[in-house]
Amino acid sequence: MLFNHISNALEQRLAALPNAPPVYYDNQAPATPPSGAFFMAKNLPKPTVIDTFDATEIYSGIFSINIYTPAGIGRAMAENYADELHSFFFNKRFDGLHTSTVSCSQGMLTATHYVINVSVSYRAFTE
């Protein structure tokens, strides 16, 4: 299991979310932020751990998804997206990954958008 495989698996899973707004991944930020809703996602891997008992490599990390919704319309749209992400990622297995907890941060307001972060914990094992 390589880092690129993990990032691709997480990005493909997010791309399959029904009714999702546009998604921007690492190194793909828009020159001008869209006026509507959008996601910005990145993989935040933790250091790889090797279980010396059976030589298993344990890859883990956080898939961080920032949800941007238009400012001035309240928090409901952003929190509805967070709920959808929770249902879509919580305790799932796909492409050799196991996602577990999904958490949501407090929102913050920018001049143009309301932003909340959803963090998805994951693990992958190799032998």
Side-chain angles (χ1 to χ4, degrees):
M1 175 97 22
L2 299 173
F3 297 108
N4 190 47
H5 174 83
I6 293 170
S7 293
N8 286 341
L10 292 165
E11 290 173 1
Q12 288 172 7
R13 176 81 179 166
L14 180 57
L17 179 70
N19 303 314
V23 180
Y24 299 93
Y25 301 101
D26 261 346
N27 204 22
Q28 293 181 333
T32 304
S35 59
F38 64 98
F39 294 165
M40 290 190 78
K42 65 176 65 184
N43 179 18
L44 305 171
K46 294 179 183 175
T48 303
V49 175
I50 298 177
D51 180 348
T52 56
F53 180 69
D54 61 4
T56 300
E57 289 183 298
I58 303 170
Y59 296 86
S60 61
I62 302 290
F63 188 47
S64 175
I65 306 161
N66 286 331
I67 302 168
Y68 291 77
T69 56
I73 63 167
R75 60 180 168 70
M77 179 189 282
E79 288 182 354
N80 284 337
Y81 281 130
D83 289 344
E84 290 177 28
L85 289 166
H86 181 274
S87 296
F88 203 63
F89 279 100
F90 177 71
N91 200 28
K92 303 290 187 222
R93 292 179 186 273
F94 56 93
D95 293 327
L97 296 176
H98 176 224
T99 57
S100 55
T101 58
V102 178
S103 57
C104 181
S105 70
Q106 178 180 355
M108 64 180 223
L109 188 63
T110 71
T112 59
H113 287 86
Y114 179 70
V115 184
I116 60 175
N117 176 267
V118 170
S119 297
V120 179
S121 298
Y122 69 84
R123 296 186 93 173
F125 303 88
T126 63
E127 293 186 35

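Starting from 1, each residue takes its place in the sequence as its number.
- By the neighbour-count criterion of 12 heavy atoms within 6.0 Å, atom CD of Q106 is sparsely surrounded, having that number or fewer from other residues, nucleotides or ligands.
- When all heavy atoms of A111 and A71 are compared, the closest pair comes out as O-CB, 4.3 Å.
- Under a cut-off of 6.0 angstrom, the local environment of NZ in K92 is crowded, with over 12 non-hydrogen atoms contributed by other residues, nucleotides or ligands.
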*What's the verdict on ring-ring contact (aromatic ring centres under 6.0 Å, His included) for F3 and Y59, showing C-alpha distance, side-chain angles and the deciding distance?*
CA-CA 8 Å; F3 297 108; Y59 296 86; 5.6 Å; yes
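- Among residue pairs with one or both ends in residues 114-123, none qualify as salt bridge (Lys or Arg N to Asp or Glu O under 4.0 Å); sequence neighbours excluded.
- In this structure F38 satisfies the ring pair (Phe, Tyr, Trp, His ring centres under 6.0 Å) test together with Y24, Y68, H113, sequence neighbours excluded.
- A continuous path of Ile, Leu, Val, Met, Phe, Trp and Tyr side chains, each step under 4.5 Å between heavy atoms, connects L85 with I6, placing both in one hydrophobic cluster.
- When every heavy atom of P18 is checked against every heavy atom of F88, the shortest pair comes out as CD-CE1, 4.1 Å.
- Closest non-hydrogen pair, S64 versus L44, comes out as CB-CD1, 3.8 Å.
- The two atoms that bring I116 and A78 nearest to each other are CD1-O, 3.5 Å, heavy atoms only.
- In terms of hydrophobic clustering, with Ile, Leu, Val, Met, Phe, Trp and Tyr side chains grouped at heavy-atom distances under 4.5 Å, F63 and L97 are assigned to a common cluster.
- When every heavy atom of S35 is checked against every heavy atom of P70, the shortest pair comes out as O-CG, 3.6 Å.
- The backbone N or O of N117 lies less than 3.5 Å from a partner atom in the side chain of S105, making a donor-acceptor pair.
- Annotation: the span from S60 atom OG to Y122 atom OH amounts to 7.0 Å, rounded to 0.5 Å.
- Connection of I65 to F94 is established within a shared hydrophobic cluster, with ILVMFWY side chains joined at heavy-atom distances below 4.5 Å, either directly or through further cluster members.
- Pairs of residues two or more places apart, or lying in two chains, never qualify as salt bridge (Lys or Arg N to Asp or Glu O under 4.0 Å) while including a residue from residues 4-17.
- With sequence neighbours excluded, the residues that form a salt bridge (Lys or Arg N to Asp or Glu O under 4.0 Å) with R75 are E79.
- Nearest heavy-atom pair, F39 versus A20, reported as atom, atom and distance to 0.1 Å: CE1-CB, 4.2 Å.
- In terms of modelled atom types and a separation under 3.5 Å, the side chain of T99 and the main chain of F89 share a donor-acceptor contact.
- H98 meets the side-chain hydrogen bond (donor to acceptor under 3.5 Å, both in side chains) test with N91; sequence neighbours excluded.
- Criterion: ILVMFWY side-chain heavy atoms under 4.5 Å apart, direct or through other members. Under it, I62 and L10 are not part of a common hydrophobic cluster.
- For the side-chain hydrogen bond (donor to acceptor under 3.5 Å, both in side chains) test, no residue two or more places apart in sequence or in another chain qualifies with Y81.
- Residue V118 is not grouped with residue V115 when hydrophobic side chains (ILVMFWY) are merged at heavy-atom distances under 4.5 angstrom, including chains of intermediate members.
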